[in-house]
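In this text, all values refer to a predicted model and were calculated from it rather than measured experimentally.
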Amino acid sequence: MSATWLNNAIFYEIYPQSFCDSNGDGIGDIPGIISKLDYVKSLGCNALWINPCFDSPFKDAGYDVRDYKKVAPRYGTNEDLQQLFQVAHEKGIHVLLDLVPGHTSEEHPWFLESAKAEKNEYSDRYIWTSNAFMPGDGMPFVGGEFPRNGTYILNFFKCQPALNYGYLKKNFNWQKSMDDPACQATLEAMLDVMRFWLDLGCDGYRVDMAASLVKNDDEAYSGTSKIWKKVREMLDAEYPEAALLAEWNMPQFSLKAGFDMDFYLDWYGNGYSSLMRDYEGNMDSEIRQPNNSYFKRDAKSDVSRFLADYLPKYEASKQDGLWCFITCNHDSLRPAPALDVEELKLAYAFLFTMPGAPFVYYGDEIGMRYRKLPTHEGGYHRTGSRTPMQWAPGKNLGFSKAEPEKLYLPVDPDLDAPTVAEQEEDPDSLLQFTRTLLHLRLDTPDLQAYSPFEVVSAKEGERLFAYRRGKLLCAVNPSEQWQSLALDGDYETLFFYGDCTIKDGALILDGPAFAVLKPAN
């Protein structure tokens, strides 16, 4: 069962430490988020995804949870988060929290108990080998740091020991089956965490590393999928309007496992990557070159790589849920400055008129830039996409009243750094364009999540791409040369950007341009 509110949902992702600082300590917080809800609503976004806001040592920016049921003090209190739910709901905004079920911090009380030499109820909450010199059966592991005679398996960084949901295929006696009582206890503990915040007003969860639960799983993720189907059963029975969003990028598996949504992520070299991030070089570069992204106006690429990746997975999963496009997220490089403002407008027009629920990463609506920065809180190359929101000219670009050296990360120092306040006054700004597109989607059922999608024109070697959403015809030409599309009937323009003309039974896009057409009758 899918949450009924998802069909017209438009999400805004907030990295809480970088969004709005209400108390002047240099770190964004929950009261700061509450103060900006009217802005989020004005964009056309009616749902939030908030990155982890729970108690943590912050060795991985909060994805190393120390207490699932406590808001990190730097963000506020549990009562602040409840107030966020309440105020957001009053404004018609749903709120997803970030669930990290595959691992905890090494400082979590469960792990500290598990690491003791004496057997206790948490001994098997994590995956431990049988002795301190036993490797991890192909998994990363750490040994020699705790009294327990064993090494423990990691799920990501060294600070993130893997929770024990069992093994689909057991190779050693220290590996437990999925049906083992200890593994069932891990699942029940996570269900308890989910219920805790749902009871306080949370509308669901984005799930970190959703495919990582069961170890030695098969290629179809049948073990991990079995876990998520049990979660789905709980939600359907107790919280039928709660939404579940996977960080998986394999909708053919995740949506059949019970998720309502999955992300179409920028996996280097995949179809999504070919649209806005098709460039060479290493991940630490601010702008990698040469840039052959489809939405780069002087590129030579067509949409064939995108469609080859997207269409099979979309067709295999469209009956089961939503595969969602993102402008960016906290793990990927921002599309600016690799694309300029006009190129971003065309890219966003495409993203916001595709199937699934679109996700806007905070600041992408004004073209915040990726910046090359030293790593902070485990960010590494991702750090440059996590800088403070740029609200207005002046001190710290309106993010915080703290002295600059106290900020979570430095703001963009460039004199032309984009801000919300300046773009609100400019009718041709990226912010106003984004707002127009998102409200068009909200007001147009054929552009919403479940409306059918069909490729109309995508010729190899040609830049024009046309597709149908319900009864509407969408067409984009990112190049600087004109392109034409023969029409199969009488149409009129619902929305256009650039030079778009209907003449003699054809749509002419004198690029760069984008158009949405509706039947004339």
Side-chain angles (χ1 to χ4, degrees), residues 1-14 16 30 33 37 40 45-54 63 65 68-71 78 80-102 163 165 186-211 213 224-248 251 253-263 317 319-324 326 356-359 448-450:
M1 178 187 297
S2 291
T4 57
W5 53 271
L6 289 177
N7 185 49
N8 72 338
I10 300 174
F11 285 87
Y12 192 79
E13 179 190 350
I14 291 177
I30 293 171
I33 296 173
L37 288 177
V40 172
C45 295
N46 53 18
L48 296 178
W49 159 32
I50 300 175
N51 294 112
C53 55
F54 308 123
Y63 283 95
V65 178
Y68 286 106
K69 295 183 179 181
K70 179 184 176 182
V71 168
N78 285 18
D80 289 330
L81 189 51
Q82 282 183 266
Q83 185 183 14
L84 171 59
F85 298 149
Q86 178 181 340
V87 176
H89 292 164
E90 290 171 355
K91 297 179 184 296
I93 299 173
H94 291 84
V95 182
L96 300 188
L97 296 181
D98 215 322
L99 183 71
V100 187
L163 285 162
Y165 294 88
T186 302
L187 174 58
E188 289 302 320
M190 200 54 56
L191 292 174
D192 176 65
V193 169
M194 296 177 73
R195 290 185 179 103
F196 180 82
W197 293 109
L198 290 166
D199 287 340
L200 293 179
C202 167
D203 296 298
Y205 296 94
R206 176 266 191 187
V207 178
D208 181 64
M209 295 179 63
L213 301 190
T224 296
S225 295
K226 184 178 179 180
I227 299 291
W228 289 117
K229 288 176 182 177
K230 290 182 179 179
V231 174
R232 182 82 261 170
E233 289 174 4
M234 183 278 285
L235 293 177
D236 286 349
E238 301 176 32
Y239 309 93
E241 284 298 299
L244 204 58
L245 166 66
E247 184 196 34
W248 199 323
F253 302 130
S254 60
L255 301 182
K256 294 182 187 300
F259 282 90
D260 300 292
M261 301 176 282
D262 194 355
F263 284 122
S317 62
Q319 301 301 321
D320 301 307
L322 304 176
W323 197 19
C324 303
I326 61 175
F359 282 73
Q448 293 172 2
Y450 294 101

Just by distance, do the side chain of [X] and the backbone of [Y] share a donor-acceptor pair under 3.5 Å?
| X | Y | value |
| --- | --- | --- |
| Glu241 | Thr4 | yes |
| Asn78 | Val71 | yes |
| Trp323 | Gly356 | no |
| Asn7 | Tyr450 | yes |
| Asp260 | Leu244 | yes |

Steps toward side chain to side chain contact (heavy atoms under 4.5 Å, CB included) verdict (Asp192, Lys69): CA-CA 10 Å; Asp192 176 65; Lys69 295 183 179 181; 2.5 Å; yes
So which atom in [X] and which in [Y] form the shortest heavy-atom distance, rounded to 0.1 Å?
| X | Y | result |
| --- | --- | --- |
| Cys53 | Leu81 | SG-CD2, 4.0 Å |
| Thr224 | Ala211 | OG1-O, 3.7 Å |
| Lys70 | Trp197 | N-CZ2, 4.1 Å |
| Val231 | Met194 | CG1-CE, 3.7 Å |
| Ala242 | Arg232 | O-NH2, 3.4 Å |
| Ala357 | Ala9 | CB-O, 3.6 Å |

Given Ile50, Asn51, Val65, the one that forms side-chain contact (heavy atoms from CB on, under 4.5 Å) with Asp98: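 With Asp98 as partner, Ile50, Asn51, Val65 yield a single side-chain contact (heavy atoms from CB on, under 4.5 Å), made by Asn51.
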Verdict with supporting geometry, Ile14 and Leu48, side chain to side chain contact (heavy atoms under 4.5 Å, CB included): CA-CA 7 Å; Ile14 291 177; Leu48 296 178; 3.9 Å; yes
Test of ring centre spacing under 6.0 Å for Phe196 and Tyr68: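 No - the distance between ring centres of Phe196 and Tyr68 does not fall below the 6.0 Å cut-off.
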is_close_aromatic(Tyr205, Trp49), centroid dist under 6.0 Å: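 Distance test on ring centres: not under 6.0 Å, no.
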Donor + acceptor pair across side chains of Tyr239, Asp203 (<3.5 Å):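 Checked: Tyr239/Asp203 side chains show no N/O donor-acceptor pair below 3.5 Å.
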Gln448 and Asn8 side chains, donor-acceptor separation under 3.5 Å: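 Side chains of Asn8 and Gln448: no pair found under 3.5 Å.
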side-chain contact (heavy atoms from CB on, under 4.5 Å) involving Ala246 - partner list, sequence neighbours excluded: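 By the side-chain contact (heavy atoms from CB on, under 4.5 Å) rule, Ala246 matches Ala210, Trp248, Ser254, Phe259, Asp262.
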Test side chain to side chain contact (heavy atoms under 4.5 Å, CB included) applied to Tyr12 and Phe359, step by step: CA-CA 6 Å; Tyr12 192 79; Phe359 282 73; over 6 Å; no
From Lys256 atom NZ to Gln319 atom CD, the distance as rounded to the nearest 0.5 Å: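 Between Lys256 NZ and Gln319 CD, I get 9.0 Å after rounding to 0.5 Å.
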Asp199 CG to Gln82 CD distance, which is reported to the nearest 0.5 Å: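 Between Asp199 CG and Gln82 CD, I get 10.5 Å after rounding to 0.5 Å.
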Tyr165 vs Pro101 side-chain heavy atoms within contact, under 4.5 Å: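 Yes, side chains in contact.
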Close side-chain approach of Met261 to Leu6, heavy-atom, < 4.5 Å: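 The answer is yes, as the side chains (C-beta and beyond) meet within the 4.5 Å cut-off.
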For Glu188, salt bridge (Lys or Arg N to Asp or Glu O under 4.0 Å) partners two or more places apart: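 Glu188 satisfies salt bridge (Lys or Arg N to Asp or Glu O under 4.0 Å) with no other residue.
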Worked verdict on Phe54 versus Val100 for side chain to side chain contact (heavy atoms under 4.5 Å, CB included): CA-CA 10 Å; Phe54 308 123; Val100 187; over 6 Å; no
